[in-house]
Amino acid sequence: MAVRETPGATGAAGAAGVPGAAGVTLARIAGVSRAVAATTARSRKTALLAEVFAETETRPEDVPLVISYLSGRLPQGRIGIGWSALKDPPPPAADPVLTVAATDAALTALAGLKGPGSRAARVGLVRELLAAATEEEQRFLTRLLLGEVRQGALDALALEAVAAVAGAPASAVRRAVMMDGSLPRVAGTLFAEGPAALDRFRLTVGTPVLPMLAGTAPSVTEAVRGLGVPCAVEEKLDGVRIQVHRDGGTVRVHTRSLDDITDRLPEVTEAALRIDGDRFVLDGEAIAVGADGRPVPFQELASRVGSRTDVGSARAALPVTPVFFDVLAAGGESTVDLPADERHAVLARLVPGPLRVGRMVVTDPEDARQLAAAEEFLAETLRRGHEGVLVKALDAPYAAGRRGRSWLKVKPVHTLDLVVLAAERGHGRRTGLLSNLHLGARAADGGFVMLGKTFKGLTDETLRWQTRRLGELAVSDDGFTVRVRPELVVEIAYDGVQRSPRYPAGVALRFARVVRYRPDKRAADADTIDTVLAARPPDPSPDPSD
Ligand SMILES: Nc1ncnc2c1ncn2[C@@H]1O[C@H](COP(=O)(O)OP(=O)(O)OP(=O)(O)O)[C@@H](O)[C@H]1O
């Protein structure tokens with residue numbers, strides 16, 4: 001494997017970290033990463049990024065890699081390299097000649113190794129890669145491979161920098177990214193082909209786009225008043241988000257993270273084929289309703305969606321129904337830019353009433369009687385066993401992939417989506433299993449702040465699953481606590497927040513318990529420490545578990 005470019009190929013400019021024909025070096029990325037983290041000024045960060053993007057002019061194929069590495073993502077996803085393979089690096093190279101392209105080639109080769117002996121081969125390849133890296137590059141690479149390069153806010157800055165360098169309006173780049181879901185990919189095309197290529201990133205029936213997400217509001221009244229415009233108040237159904245694409249006789253069903261689950265939910269395909277229309281994209285929720293007419297708990301539904309085997313008997317045991325609340329395309333034409341009330345009119349023409357979410361409309365956000373009716377709608381929705389409501393501004397377009405300010409969810413049960421930072425080995429009945437989870441919220445600097453631990457709420461099946469999964473993510477193990485790459489998101493119920501000097505934020509969760517894992521979320525989607533503190537004021541009573 002050739003991970004080292006010959007110094008002659010990069011020339012003097014290459015040695016200084018500026019790309020020649022061979023491309024951007026890892027040293028350059030490590031330097032920019034450090035400089036961006038060290039400045040708080042947004043404009044300076046954007047300028048630093050624009051500078052490095054401009055250097056890829058002769059090699060636009062490097063742009064996706066530069067963006068991915070700077071934001072701490074590996075295009076290969078998980079590659080099965082843990083701390084043990086990285087802790088004793090070989091002597092570093094003297095000069096920075098390792099390019100991002102060569103690094104990517106090495107990691108692709110490494111990720112492709114499977115089967116017996118592959119672990120040793122992976123370790124061998126990683127050592128070869130490290131040997132080609134300078135000391136600074138080794139440090140960056142190690143952090144990258146362990147998932148420690150976290151630049152949460154980088155994507156928005158990188159988008160502005162990409163637009164500036166390519167001479168395209170930021171709004172056009174943002175739109176393309178919404179449709180494609182990947183800034184690295186959009187930037188690569190933009191740099192290679194110019195701004196006209198952005199037109200290609202349009203919503204097309206058959207290609208999933210990231211769904212629009214909701215913010216949170218403490219009450220219906222505050223949500224409606226906060227939006228300040230006519231709103232729809234819709235049932236919040238507790239199921240699995242589905243995006244259904246029908247193109248003639250072909251239907252594809254995608255999850256919120258764009259996984260294709262068509263084969264697992266045949267009922268959804270059948271329902272989509274019964275709709276009177278042939279080229280459309282619908283956004284909704286797959287729910288399961290019990291014999292009593294109430295929705296069944298999400299966990300049961302999740303195991304149905306998660307299992308690929310024996311769909312037939314799973315379906316017989318727990319049939320699901322799609323319920324739609326938005327339309328992204330109809331008659332083959334994108335509707336995402338239409339305001340929500342027009343989209344709803346399209347939805348109502350296309351989808352029969354029983355397959356549409358229950359809703360009411362508030363025409364005047366200051367009208368006390370309408371607000372009272374909206375509060376009553378929430379109460380009634382909860383009585384029928386649903387989770388809460390979504391309040392949606394009727395004048396807003398569909399903001400794919402964004403936690404829009406025009407959708408606000410209101411639900412009484414507060415849970416947090418936290419990231420598993422580590423797990424302790426269990427004892428007694430749980431010997432041999434990873435049990436007590438260390439839970440972290442996202443911090444402003446891209447890291448995580450630990451807020452507590454829990455081993456409650458875990459079923460035997462979940463314990464076995466998490467032991468296996470956390471083992472794969474392990475970065476260190478002192479025999480008691482296994483630290484992991486911060487990737488798994490878990491939904492936690494809790495009774496409040498209390499002061500606790502033992503935790504870095506000075507607060508800890510009271511009676512935290514696991515509700516469910518959220519495989520549909522990434523660590524970047526987890527709740528922030530600010531959300532946690534805003535949701536529940538610290539309680540001055542001491543931590544009973546201290
Ligand atoms: N009427 C509805 N409109 C939009 N989303 C709905 C609706 N009913 C249920 N949902 C679900 O609620 C989610 C919206 O909340 P949000 O975007 O915050 O996702 P989330 O973080 O998964 O929320 P939660 O954990 O509260 O379910 C959607 O992803 C969708 O799955």
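Hydrogens, waters and symmetry mates are skipped; everything else that's a heavy atom, side chains included, is used.
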Sorted by chain and residue number, the side-chain hydrogen bond (donor to acceptor under 3.5 Å, both in side chains) partners of D520 (sequence neighbours excluded) come out as R518
What pairs of residues pass the salt bridge (Lys or Arg N to Asp or Glu O under 4.0 Å) test when at least one of them lies in residues 161-174, not counting sequence neighbours?
none
Which residue pairs satisfy the side chain to side chain donor-acceptor pair (under 3.5 Å) criterion with at least one member in residues 159-170, sequence neighbours excluded?
R42-E160
Do any pairs count as a ring pair (Phe, Tyr, Trp, His ring centres under 6.0 Å) and have a residue in residues 245-289, sequence neighbours left out, and if so which ones?
H245-H254
Using the salt bridge (Lys or Arg N to Asp or Glu O under 4.0 Å) criterion, which residues pair with K521? Sequence neighbours excluded.
D417
Taking only residues two or more places apart in sequence or in another chain, which ones pass salt bridge (Lys or Arg N to Asp or Glu O under 4.0 Å) with D460?
R429
Under the salt bridge (Lys or Arg N to Asp or Glu O under 4.0 Å) test, residues paired with E234 that sit two or more places apart:
R359, K392
For D337, all residues meeting salt bridge (Lys or Arg N to Asp or Glu O under 4.0 Å), sequence neighbours excluded:
R175
Output all residues satisfying ring-ring contact (aromatic ring centres under 6.0 Å, His included) with F377, sequence neighbours left out; order by chain, then residue number.
none
Which residue pairs satisfy the salt bridge (Lys or Arg N to Asp or Glu O under 4.0 Å) criterion with at least one member in residues 341-358, sequence neighbours excluded?
D326-R343
Hey, is E487 close enough to R522 for a salt bridge, meaning N to O under 4.0 Å?
no
Do you see a donor-acceptor pair shorter than 3.5 Å between the side chains of E491 and Y517?
no
Sequence neighbours left out, cut at 3.5 Å: what donor-acceptor pairs do the side chains of residues 176-191 make with other protein atoms?
residue, atom, partner, partner atom, Å
D180, OD1, R185, NE, 3.4
D180, OD2, S182, N, 3.3
D180, OD2, R185, NE, 2.9
D180, OD2, R185, NH2, 3.1
S182, OG, R185, N, 3.0
R185, NH2, D180, O, 3.3
T189, OG1, R185, O, 3.1

Distance-only criterion, 3.5 Å: show the donor-acceptor pairs between side-chain atoms of residues 202-216 and protein atoms not counting sequence neighbours.
residue, atom, partner, partner atom, Å
R202, NE, D199, O, 3.1
T204, OG1, T207, OG1, 3.3

T46 and S43 side chains, donor-acceptor separation under 3.5 Å
no
Taking NZ, NE, NH1 and NH2 as the nitrogens, is one of them in E285 or R241 under 4.0 Å from a carboxylate oxygen of the other?
no
